[in-house]
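What follows is a short report on a single structure.
Scope of the values below: all heavy atoms of this structure, side chains included, with no hydrogens, waters or symmetry mates.
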Amino acid sequence: MPRPPRPIAKTAPAHDATAVPKRTVPGPVIEAALWDAYGVVSKAAELLSYDRTALSRRIAKSERLKAAREAGRERLVDVAETGLAISVEKREAWAITLALKTLGKSRGYVERQELDALFALVEKDPADMTDEELEQALSRATSRRRG
């Protein structure tokens with residue numbers, strides 16, 4: 001016995017009052033989802049039960065939504081910095097090392113490789129150099145890195 005043919009789905013024209021309208025999400029709701037998702041579009045789309053691609057397009061068209069996405073990302077960095085600070089206060093070695101390597105550079109905490117590169121530019125042992133000679137070598141090294 002042959003199977004009966006499957007019915008063909010009818011699509012209602014756009015002007016038909018029975019057509020289901022495409023779901024739109026108000027901008028403030030999207031902004032809140034981007035905040036909650038730390039600016040991660042796929043997570044915000046999941047929270048909204050909304051298509052990620054459609055949400056990306058919507059964000060691309062709106063300066064306000066772009067700003068909301070960026071604010072969510074900044075919030076993530078704030079949370080990460082807070083977590084790092086808590087770990088440093090607990091005297092966790094990995095956190096102390098990370099903080100000094102990144103935030104402590106302005107106070108002279110640098111990687112050994114950076115110092116080795118500096119000393120490669122000088123012709124004599126840095127221990128035998130005057131403060132003025134060391135400052136000149138440092139100035140030459142930093143000008144080469146920028147240039």
Side-chain angles (χ1 to χ4, degrees), residues 6 9-147:
R6 292 171 43 193
K10 293 183 179 179
T11 55
H15 65 277
D16 187 348
T18 63
V20 178
K22 188 175 181 180
R23 185 171 98 91
T24 58
V25 179
V29 174
I30 294 174
E31 290 173 25
L34 287 167
W35 178 261
D36 291 343
Y38 298 106
V40 178
V41 176
S42 60
K43 181 64 177 171
E46 182 182 312
L47 292 172
L48 297 167
S49 299
Y50 201 73
D51 180 64
R52 182 192 57 77
T53 305
L55 183 57
S56 292
R57 280 194 295 257
R58 181 112 180 249
I59 292 168
K61 293 177 184 177
S62 167
E63 292 303 316
R64 187 169 172 159
L65 293 179
K66 286 178 192 175
R69 180 185 57 204
E70 190 57 35
R73 290 176 178 173
E74 287 296 320
R75 178 174 171 244
L76 177 62
V77 173
D78 291 343
V79 170
E81 285 179 336
T82 301
L84 177 61
I86 290 168
S87 295
V88 168
E89 287 175 350
K90 291 179 180 178
R91 306 291 190 256
E92 295 180 24
W94 70 267
I96 293 169
T97 301
L98 179 62
L100 292 176
K101 284 182 177 180
T102 56
L103 304 173
K105 278 189 173 187
S106 63
R107 294 188 181 181
Y109 293 97
V110 294
E111 293 283 340
R112 177 163 175 78
Q113 294 170 339
E114 294 173 6
L115 290 175
D116 290 343
L118 169 64
F119 294 144
L121 296 173
V122 297
E123 296 172 8
K124 59 183 181 179
D125 186 355
D128 297 331
M129 295 174 71
T130 66
D131 287 345
E132 185 179 323
E133 290 172 322
L134 285 169
E135 286 178 17
Q136 289 173 353
L138 180 60
S139 176
R140 284 194 307 271
T142 50
S143 67
R144 284 186 183 187
R145 283 179 87 183
R146 287 186 211 133

Quick check for you: to the nearest 0.5 Å, what is the distance between [X] atom [atom1] and [Y] atom [atom2]?
| X | Y | atom1 | atom2 | result |
| --- | --- | --- | --- | --- |
| Asp36 | Glu31 | CG | CD | 12.0 Å |
| Asp51 | Ser42 | CG | OG | 11.5 Å |
| Arg69 | Arg64 | CZ | CZ | 15.5 Å |
| Leu34 | Ile59 | CG | CD1 | 4.5 Å |
| Leu84 | Thr82 | CG | OG1 | 9.5 Å |

(message) Taking Trp35's backbone N and O only, do any of them form a donor-acceptor pair with Arg75's side chain (distance below 3.5 Å, no angle check)?
(response)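 Checking the backbone N and O of Trp35 against the side chain of Arg75, a donor-acceptor pair under 3.5 Å is found.
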(request) Spell out, as yes or no, whether a donor-acceptor pair under 3.5 Å connects the side chain of Arg58 to the backbone of Ile30. (result)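 Absent.
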Give the minimum heavy-atom separation between [X] and [Y], together with the two atoms involved.
| X | Y | result |
| --- | --- | --- |
| Val88 | Ala99 | CG2-CB, 4.1 Å |
| Val79 | Tyr38 | CG2-CE2, 4.0 Å |
| Ala37 | Leu47 | CB-CD1, 4.2 Å |

(request) Take Leu76 and Val40 through the test side chain to side chain contact (heavy atoms under 4.5 Å, CB included) and record every step on the way to the result. (result) CA-CA 10 Å; Leu76 177 62; Val40 178; 5.6 Å; no
(request) Sequence neighbours left out, what passes side-chain contact (heavy atoms from CB on, under 4.5 Å) with Glu81? Give chain and number order. (result)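 Once residues adjacent in sequence are excluded, the partners of Glu81 under the side-chain contact (heavy atoms from CB on, under 4.5 Å) criterion are Val77, Asp78.
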(request) Please name all residues satisfying side-chain contact (heavy atoms from CB on, under 4.5 Å) with Glu92, sequence neighbours left out, ordered by chain then number. (result)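 Ser87, Lys90, Trp94, Ala95.
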